[in-house]
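The next block holds one structure in the form of structure tokens; read it before the comments.
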2 protein chains.
Amino acid sequence: MTERQLTGLATDVVVFTISEHRLRVLLVSRSRDPYAGCWSLPGGMVPIDEGLEECASRMLREKTGVHGVYLEQLYSFGEPERDPRGRVVSVSYYALVPPGRLQGVALNGDTLGWWPVDQLPELAFDHDAIVRMAHQRLAAKLEYSTIALQFMGERFTLSELQSVYETILGEPLDKRNFRKRVRNLPCIEDTGERFRAGKHRPARLFRVTRPHRVEIIK
Amino acid sequence: MTERQLTGLATDVVVFTISEHRLRVLLVSRSRDPYAGCWSLPGGMVPIDEGLEECASRMLREKTGVHGVYLEQLYSFGEPERDPRGRVVSVSYYALVPPGRLQGVALNGDTLGWWPVDQLPELAFDHDAIVRMAHQRLAAKLEYSTIALQFMGERFTLSELQSVYETILGEPLDKRNFRKRVRNLPCIEDTGERFRAGKHRPARLFRVTRPHRVEIIK
DNA sequence: TGACATAGTGTAGACGCGACACTAACTTTG
DNA sequence: CAAAGTTAGTGTCGCGTCTACACTATGTCA
């Protein structure tokens with residue numbers, strides 16, 4: 001059997017968050033590279049004694065300080081020519097970070113930035129294809145799972161949740177139909193609290209009952 | 001950044017076919033191994049200049065002589081301890097082979113066998129998890145795509161198609177409801193031909209209009 | 001010609017989904 | 001303190017879809 005050695009195996013992570021009503025992706029700007037000037041996904045080589053998900057989780061933590069958030073394997077990209085420096089296969093993941101968890105993380109810096117998925121800069125390698133696939137997967141999962149709740153903080157209003165759906169799907173949803181759908185999810189719960197107002201009628205606050213669980217519905 | 005070299009990257013392929021009303025998986029029996037006596041999925045190391053899908057496709061062709069069938073990436077398995085001989089990450093695929101394409105392939109031999117998914121022998125590594133995941137994915141795709149047509153030959157009857165669904169799902173389906181659902185798929189076509197009888201009323205023969213396309217429905 | 005075996009067909013009730021517009025409650029300002 | 005502004009919150013009706021369910025049609029074979 002052919003056993004020529006591979007150059008390397010990497011993981012890349014599409015880190016999503018939502019801010020200013022936009023779905024955003026964390027990107028790293030590259031220096032000294034065939035791709036200098038471009039941006040790329042946070043990622044790196046997988047050490048020999050580290051699991052794939054473990055590695056992706058570490059990348060996420062190193063870049064954002066965030067841990068314990070939703071992380072799912074996306075796809076593995078392995079075209080021989082995808083990295084001009086040599087053969088690198090990338091096992092990609094995507095992660096969802098609630099905006100409230102991003103306290104200390106610079107929102108935009110020279111080397112790290114949160115870019116709107118629909119206005120990405122030029123990306124290195126095949127990273128734009130990876131981001132597109134991750135966005136598709138996320139949007140698809142909205143329809144048949146409770147994955148959107150991973151973007152919510154401790155307490156949230158139904159309007160905030162609807163806004164998350166609309167931001168990810170890129171289209172407005174009907175308010176009454178949305179509330180019907182969402183209110184008889186088993187994993188969401190009215191806290192009874194009603195405050196946190198603006199200059200208008202205060203909204204009910206809801207809570208996710210099992211915050212780390214993503215349920216398949218329908 | 002840590003760059004210790006990986007031992008290797010492999011692909012493994014879950015090759016499905018249907019025969020005798022059973023969903024079966026192609027397995028290879030292992031000799032001289034920590035897993036001697038066990039069976040495993042067909043697979044092997046990925047050469048440095050070969051794409052992942054290309055590699056999986058070659059594995060399939062080498063074991064079965066079959067090419068040009070449905071092949072899809074499933075998942076990448078990379079726990080550090082999954083292979084006792086060293087660090088091997090496996091990018092797994094699954095393939096669907098219509099029974100009619102398996103002319104010359106031995107149905108059961110010492111080193112190659114078609115095993116029913118629900119009666120597998122002991123498998124090496126984490127291959128049973130891989131097979132289970134592939135079966136789940138396939139069953140899920142029956143619901144929202146036309147993937148089942150990948151098991152059909154040139155012409156087929158609706159009863160044959162129903163049997164494929166039932167075999168994969170492991171449960172009987174209502175005949176009338178099934179036919180309603182399937183007859184207004186756009187990608188299926190009545191050939192007008194009606195023969196191919198047993199000792200009973202002959203059935204209509206259908207044809208897939210775009211045999212290599214798997215459509216998403218609903 | 002009758003027994004047998006599979007092919008083939010329709011309907012009625014339950015349910016889910018989308019379209020659609022107004023009232024409720026709080027804040028701010030004049 | 002009244003009115004304007006702003007978001008929260010609510011229900012119904014029609015349509016299409018899914019499910020459950022049983023009998024007739026058409027061939028073969030003895």
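Since the structure is predicted, the reported quantities are computational estimates derived from the model, not experimental observations. Here is the naming used below: chain letters follow the sequence lines, and residue numbers restart at 1 for every chain.
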Could you identify which residues of residues 173-187 of chain B place a heavy atom less than 4.0 Å from some atom of DNA chain D, listed by residue number, or say none?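 Those residues whose heavy atoms fall under 4.0 Å from DNA chain D, taken from residues 173-187 of chain B in numerical order, are B:Asp174, B:Arg176, B:Asn177, B:Lys180.
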
Heavy-atom contacts under 4.0 Å between residues 138-171 of chain A and DNA chain C, which residues?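 Going residue by residue through residues 138-171 of chain A, none turns out to have a heavy atom under 4.0 Å of DNA chain C.
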
Residues in side chain to side chain donor-acceptor pair (under 3.5 Å) with [X], at least two apart?
{"X": "B:Arg179", "value": "none"}
{"X": "B:Ser76", "value": "A:Ser76"}
{"X": "B:Arg61", "value": "none"}

Salt bridge B:Glu54-B:Arg58, side-chain N to carboxylate O under 4.0 Å: no

Contacted region of DNA chain D by chain B, from 5' end to 3' end of the hits, cut-off under 4.0 Å to heavy atoms, spans D:dT19 to D:dC29

Pairs in or reaching into residues 147-158 of chain A: which pass salt bridge (Lys or Arg N to Asp or Glu O under 4.0 Å), with residues at least two apart or in two chains?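 Residue pairs passing salt bridge (Lys or Arg N to Asp or Glu O under 4.0 Å), neighbours aside: A:Arg155-A:Glu193.
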
With sequence neighbours excluded, give me every salt bridge (Lys or Arg N to Asp or Glu O under 4.0 Å) pair touching residues 131-150 of chain B. B:Glu72-B:Arg137, B:Glu72-B:Lys141, B:Asp128-B:Arg132

Mind checking which nucleotides bracket the chain A contacts on DNA chain C, 5' to 3', with an atom under 4.0 Å from a heavy atom?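 Going 5' to 3' along DNA chain C, contacts run C:dG18 to C:dT28.
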
Apply side chain to side chain contact (heavy atoms under 4.5 Å, CB included) to B:Glu79 and list each qualifying residue two or more places apart in sequence or on a separate chain.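 Result, side chain to side chain contact (heavy atoms under 4.5 Å, CB included) vs B:Glu79: B:Arg82.
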
Under the salt bridge (charged side-chain N to carboxylate O under 4.0 Å, His left out) test, residues paired with A:Glu189 that sit two or more places apart: A:Arg207

Taking A:Ile147's backbone N and O only, do any of them form a donor-acceptor pair with A:Gln150's side chain (distance below 3.5 Å, no angle check)? no

Which pair of heavy atoms, one from A:Val15 and one from A:Pro42, lies closest together, and at what distance? CG2-CG, 4.3 Å

Give me the atom names and distance for the closest heavy-atom approach of B:Val13 to B:Ala95. CG1-CB, 4.2 Å

Check: residues 167-177 of chain B side-chain donor-acceptor pairs under 3.5 Å, at least two apart:
from: B:Thr167; atom 1: OG1; to: B:Ser163; atom 2: O; distance (Å): 2.7
from: B:Asp174; atom 1: OD2; to: B:Arg176; atom 2: N; distance (Å): 3.1
from: B:Asp174; atom 1: OD2; to: B:Asn177; atom 2: N; distance (Å): 2.9
from: B:Asp174; atom 1: OD2; to: B:Asn177; atom 2: ND2; distance (Å): 3.4
from: B:Asn177; atom 1: OD1; to: B:Lys180; atom 2: NZ; distance (Å): 3.3

Closest-nucleotide 5' rank along DNA chain C - winner of A:Lys218 and A:Pro202: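 The residue whose closest nucleotide sits nearer the 5' end is A:Lys218.
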
